[in-house]
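I have placed the structure first, in the form of structure tokens, so that the comments after it can refer back to it.
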Amino acid sequence: MKKNLVIVESPAKAKTIERFLGKDYHVMSSYGHIRDLKKKDFSVDIENNFTPIYEIPDDKKKVVAELKAAAKQAETVWLASDEDREGEAISWHLFDALGLKDDNTKRIVFHEITDTAIHRAIETPRKIDKNLVDAQQARRVLDRIVGFELSPVLWRKIKPALSAGRVQSVAVRLIVEREREIQQFNSESAYRIIAIFTKKEGGESFEVKAEYNKRLKTKEEALALLEKLKSSLFSIEDVTVKPARKSPAAPFTTSTLQQEASRKLGFSVAQTMSVAQRLYESGKITYMRTDSVNLSGLAINTAKAEVTQLYGPEYVKVRQYTTKSKGAQEAHEAIRPTYIQNSAIDGTAQEKKLYDLIWKRTVASQMADAQLEKTTALIDISNDKGKFVANGEVLKFDGFLRVYLEGTDDEDAEVTDGILPPLTQGEALDMRETIATQRFTQRPPRYTEASLVRKLEELGIGRPSTYAPTISTIQNREYVEKRSLEGEQRPYNVLALKNGKLKDTDKTETFGADKNKLVPTDIGMVVTDFLMESFPSILDYNFTADVEKDFDKIAEGKTQWNKSIADFYKVFHPIVEEVSQTHTEHKAGERILGSDPKTGRQVSVKIGRYGAVAQIGSSEEEEKPLFAPLQKTQSIETITLEETLKLFDLPRTVGTFRDKDVVAAVGRFGPYLRHDGKFVSLPKGIDPLEVLLEEAIELIEAKEKKDREKTIKTFPEEPGLQVLNGRYGPYITFEKKNYKIPKNQEPSELTLDRCRQIIAEATDGTTKKKKTTRKTTAKKTKK
DNA sequence: CAGTGAGCGAGCTTCCGCTTGACTT
């Protein structure tokens, strides 16, 4: 047995460190926290000074047993969990749960996994910092109190199985508030006026595009200006040339990686993390859950060498970045390639793409600024006070842009002209054409997963390890949905002046279309409104930042953690009590819309067991109430009495066809028709309340035809195997599984043997994959 | 990825942070 046992948090880290430390050290991993508050019950003893009740979760028992056995045999145990609040707590829990002894246990920390950093750490051990541990306990207990006291209130007032918490509830609030801003947004329009001037020089003709330095509110003003311009003379009043620079972005943190992967590769936040995890486990990148932009000295030197070799020394600029984000704990390095000299790797397409992004970002971060020259020309109008302004931008030295430019979320970035022709003061220009276009102000953008992460990080809410899970939680609870919304059409006006003639055209454009954006559901809105009304302090955007200040005081030893929690509880708990006791007759968010003209019974909408629902009558009445779910496009906030009553007209019998009823209804997946036991989805734009029998029959027959065409081939000797035509083209189906048909294969010419071969090849591939993963896990358990 | 199509009165939901799991013998 080896003399030294080192315990780190991650197994991939353990492997690397063992290489650096040599044969006297055995490095094992705790796989994160090994103890937590008991999963069941409140598990914070309020009466007893908020004593936490910890347990080792079932899936951690084995790890703890193995660590315990190894610790017993070791002369010295080195606790090397991360140097942050959570890491310190992990060490403390390990110390306690493994029954370690003070005299042969040492606490060490390092921020980067390099040979020197680790050896330096071993030379400078310390004791566990109990104050920092207490700060973590305070954090943990506070989150439990908030989560486990608020959630049950929601179960009672709104719907079972809902949840609230310090992080998730604020995330939902951001989305709800943004949606309301969008709803209330009134766009205003103004005319943007752009002229194209020409200049002749030495037989060559140049174009200069310039914008009028004012936007004009009304069509009258725009027309008046164009009218005036008919007789204007134009000349260059002034030309200024200014140098400008652009600097590269800092190396990736978890949040910036998620944003860039979303913008440039279209990855979801969860997808980015799982691809990054694979890159990390195979040793290709450094740790992917980090809030630090710091690079190790070694990494900087390698990047420098790489840039010099690839692009030349003039492209090098060594830079140290500092973290701006609130509450960063910087236990790790920034996310970078482990070996920067590898500009590409083997792997899946996704792995390659993400690695490429990380490589470029890292290398660019150590490169020179890009140098630009910005030219602004002011063009005088002889008979008007306004000016035309032409902007040109020339790249003098590309610097880091040669490798990488950070993406933006800005959907309509300014159009800047590339290069301006040489212009001299006083010189006259001819106007070729002027176009005044009616432009509308833009509503605020909806959040994407990645832009929500950015906002949370900005507010100091959540941690690199929780951004992705938080995004899934608020979707799983059905507080928000990722949706694509169709835009609306709106008219706009274009006025053009050319050759002294004015043309007035009305055009239409689509606006407000959105793809894959986070949109609140009715549940999300009702829960947020309720929490905002009853617990505004918890939903405050500064709540986390404020409690973090308390945690810092605990970490500095200036406050007792239980005292800090007691102060919070003293204020918080009575509000919970009060809110739960004010027994509202109606559920939160319920709206009473009026009465049903047929029966006189009350018509209302609320959040039901399965989401938003309309109701006629109430449960107190003898006659049972009627229920109907709201449609996807409707909201309990805005639905009217008429719209609500209409919902009860479904399911509706449209008529009969081949002696069978045709029924229109709305199901989980939208409106549909049912006929003779078969279902036909109604296409967009056809209302189940209005659909005519003829239309319905047409749709049913079309579906029947499609079904007939669906089957390309069947085989009498193997009825379970079929060649079908699906949404994404032909495929083979067999025993509930589907198989892709090779590109060069004509589906109608498939034989049974060939099908079996395709299936065999496909299944062979998957079992192979499974086998390799099993091998690696087997290896792990072996040691 | 390959197709779906209720119900709205009974008993258990829930937090945030660390980490990687993986049932065929």
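The analysis underlying the following values was restricted to heavy atoms, covering all of them including side chains, and did not include hydrogens, waters or symmetry mates. Just so we're on the same page: letters track the sequence lines, and every chain starts at 1.
- Residue contacts shown for A:Q277 are limited to sugar-phosphate atoms, with no base heavy atom under 4.0 Å away.
- Relative to the ring axis of A:F148, A:R144 places its NZ or CZ within 45° and under 6.0 Å from the centre.
- Here B:dG21 presents its C1' atom at 15 Å from CZ of A:R278, a figure rounded to the nearest Å.
- Each of A:R674 and A:D84 was assigned the nucleotide of DNA chain B with the nearest heavy atom; the assignment lying further toward the 5' end belongs to A:R674.
- Between A:F42 and A:I145 the shortest side-chain heavy-atom distance falls below 4.5 Å.
- Judged purely by distance below 3.5 Å, without hydrogens or angles, the side chains of A:Y287 and A:Q277 never pair a donor atom with an acceptor atom.
- Atoms NZ (A:K15) and P (B:dT19) sit 17 Å apart, rounded to a whole Å.
- A donor-acceptor pair is defined here as one N or O able to donate and one able to accept, closer than 3.5 Å; no such pair exists between the side chain of A:E351 and the backbone of A:R278.
- Taking atom NZ of A:K62 as the reference point, atom C1' of B:dA22 lies 12 Å away to the nearest angstrom.
- Note: CD (A:Q615) to P (B:dG7) measures 15 Å, nearest angstrom.
- Atom NZ in A:K13 sits about 11 Å away from atom C1' in B:dT19, given to the nearest Å.
- Backbone-only engagement by A:Y280 is indicated by non-hydrogen atom pairs under 4.0 Å involving sugar-phosphate atoms exclusively.
- At the phosphate of B:dG3, neither OP1 nor OP2 sits under 4.0 Å from any side-chain N or O atom of A:Y672.
- Rounded to an integer number of Å, the gap from A:L626 CG to B:dG7 C1' is 14 Å.
- At the phosphate of B:dT20, OP1 or OP2 sits under 4.0 Å from a side-chain N or O atom of A:S10.
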Sugar-phosphate atoms are those with a prime plus P, OP1 and OP2; base atoms are the rest. Using that split, label each nucleotide of nucleotides 8-17 of chain B B, S or - for protein heavy atoms under 4.0 Å, 5' to 3'.
-> B----BBBBB

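- Ring geometry for A:F50 versus A:Y569: interplanar angle over 60°, hence perpendicular rather than tilted (30 to 60°).
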Test side-chain contact (heavy atoms from CB on, under 4.5 Å) applied to A:K455 and A:I461, step by step = CA-CA 9 Å; A:K455 185 69 190 174; A:I461 299 172; over 6 Å; no

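- In this structure, A:F535 and A:F530 have perpendicular ring planes: the angle between them is above 60°, well past the 30° mark.
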